[in-house]
Amino acid sequence: MKYYLVALFDDESYKNLNPIQKNLSKKFRANRNSPAPYIPLEVIENPNIDKLDVVVDKIIKPYKNFKVQLSQEVSVSETNKTLNMKIQDVGYIRRINRLVNDTLRLHGFNVQEGNGEPEMHISLANLNFIPKDMKKFDGEVNFKSNCETLKVDRIELWKFSNNKRETLVKSYPLKKNLYL
């Protein structure tokens, strides 16, 4: 079974991101029952959950809340069948992603290889099918938004299933940053 390590935003960021998600989901005919927008960090196959919990907790413990900047670029991932919005300023999140990947590999976890998507992005919605005209789409979408920066306040381990209650496995809150 696949487990997903994802970065999630605070409530204020979700309030600002919700109109963008609805607008783009409507435009691209995406699934309305998509999970909350998230930044995918890693995909781990068949892990020992107890060992994984200890390792991820140790990795995430020193990190504080941080901000990411949104881009106007929207892309469609054929492999994951998701609608994504790219992130501009990726320094801090990229460092966490690299550290998580390297540490999980050192501890012997089966981490999925990079699937041709090197850019960090926010997954906004799931797509049931991808029309042919959208497969080549990878560009800018103009929308009005008062939301240019989003605050990440926790990392979570998810397991996708048919039951929404079983999605969250474990949550790892980040330290509070007094300056954000």
Side-chain angles (χ1 to χ4, degrees), residues 1-17 21 34-71 75 77 79-126 147-180:
M1 170 147 287
K2 290 184 181 181
Y3 288 81
Y4 298 83
L5 201 59
V6 299
L8 296 172
F9 309 105
D10 65 350
D11 293 335
E12 186 178 321
S13 297
Y14 278 122
K15 286 178 188 174
N16 294 332
L17 194 57
Q21 182 186 21
S34 296
Y38 61 91
I39 301 173
L41 296 175
E42 285 301 331
V43 178
I44 309 150
E45 293 193 31
N46 300 323
N48 176 347
I49 297 298
D50 297 330
K51 184 179 174 185
L52 180 66
D53 180 37
V54 172
V55 172
V56 172
D57 193 38
K58 189 182 284 187
I59 295 168
I60 301 300
K61 199 170 195 173
Y63 285 97
K64 295 181 181 179
N65 293 357
F66 59 94
K67 292 182 180 181
V68 293
Q69 289 183 336
L70 284 180
S71 164
S75 63
S77 169
T79 54
N80 298 330
K81 292 186 179 178
T82 56
L83 178 64
N84 306 318
M85 179 174 280
K86 293 183 182 175
I87 301 173
Q88 283 182 341
D89 186 20
V90 294
Y92 205 74
I93 188 81
R94 174 82 67 197
R95 185 181 334 150
I96 291 173
N97 188 24
R98 196 175 313 123
L99 180 66
V100 166
N101 186 314
D102 293 344
T103 307
L104 290 178
R105 285 180 192 275
L106 284 173
H107 285 279
F109 289 100
N110 188 7
V111 178
Q112 225 177 39
E113 293 292 326
N115 50 5
E117 296 177 17
E119 290 111 10
M120 298 294 292
H121 61 271
I122 298 173
S123 183
L124 291 175
N126 297 332
C147 173
E148 289 187 5
T149 59
L150 303 170
K151 294 177 190 172
V152 175
D153 71 342
R154 67 191 180 280
I155 307 290
E156 289 187 351
L157 182 66
W158 286 358
K159 173 182 80 172
F160 286 122
S161 65
N162 293 337
N163 188 351
K164 273 194 167 182
R165 292 182 186 153
E166 294 178 11
T167 300
L168 176 65
V169 175
K170 177 79 176 173
S171 184
Y172 304 94
L174 298 172
K175 289 182 183 178
K176 299 285 185 217
N177 191 345
L178 300 176
Y179 302 108
L180 286 181

Between [X] and [Y], what is the shortest heavy-atom contact and its length?
X      : Y      : answer
Tyr3   : Pro47  : CD1-CD, 3.3 Å
Asn101 : Arg105 : OD1-NE, 2.6 Å
Trp158 : Tyr38  : CZ3-CD2, 3.5 Å
Ala7   : Val152 : CB-CG1, 3.9 Å

To the nearest 0.5 Å, what is the distance between [atom1] on [X] and [atom2] on [Y]?
X     : Y      : atom1 : atom2 : result
Ser71 : Ile122 : OG    : CD1   : 9.5 Å
Ile60 : Leu41  : CD1   : CG    : 7.5 Å
Asn65 : Lys175 : CG    : NZ    : 11.0 Å

From CA spacing to verdict: side chain to side chain contact (heavy atoms under 4.5 Å, CB included), Leu99, Ile59: CA-CA 8 Å; Leu99 180 66; Ile59 295 168; 3.8 Å; yes
Give a yes or no on this: more than 12 heavy atoms of other residues, nucleotides or ligands lie within 6.0 Å of atom CD of Glu12.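 Atom CD in Glu12 is not crowded, with 12 or fewer foreign heavy atoms closer than 6.0 Å.
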Output, in order, the C-alpha distance, side-chain angles, deciding distance and verdict of side chain to side chain contact (heavy atoms under 4.5 Å, CB included) for Ile87 and Met120. CA-CA 6 Å; Ile87 301 173; Met120 298 294 292; 4.3 Å; yes
Could you tell me whether the side chain of Lys51 and the main chain of His107 form a donor-acceptor pair under 3.5 Å?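 Confirmed, Lys51 side chain pairs with His107 backbone.
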Taking only residues two or more places apart in sequence, or in another chain, which ones meet Arg154 in a side chain to side chain contact (heavy atoms under 4.5 Å, CB included)?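 Arg154: side chain to side chain contact (heavy atoms under 4.5 Å, CB included) contacts with Leu8, Tyr14, Glu156, Ser171.
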Run the side chain to side chain contact (heavy atoms under 4.5 Å, CB included) test on Lys81 and Asn126 for me, step by step, so that the C-alpha distance in whole Å, both residues' side-chain angles and the decisive distance to 0.1 Å come before the verdict. CA-CA 6 Å; Lys81 292 186 179 178; Asn126 297 332; over 6 Å; no
Is the shortest side-chain heavy-atom distance between Asn97 and Glu42 below 4.5 Å?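 Asn97 reaches Glu42 side chain to side chain.
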Distance-only donor-acceptor check, side chains Asn16 and Ser13, under 3.5 Å: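 Asn16 vs Ser13: no donor-acceptor pair found between side chains.
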Partner residues of Asp53 under the side-chain hydrogen bond (donor to acceptor under 3.5 Å, both in side chains) criterion, sequence neighbours left out: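 With neighbours one apart ignored, the set is Tyr172.
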With sequence neighbours excluded, what pairs up with Asp153 under the side-chain hydrogen bond (donor to acceptor under 3.5 Å, both in side chains) test?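 Testing Asp153 for side-chain hydrogen bond (donor to acceptor under 3.5 Å, both in side chains), a comparison that skips the adjacent residues, returns none.
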Output, in order, the C-alpha distance, side-chain angles, deciding distance and verdict of side chain to side chain contact (heavy atoms under 4.5 Å, CB included) for Lys2 and Ile44. CA-CA 6 Å; Lys2 290 184 181 181; Ile44 309 150; over 6 Å; no
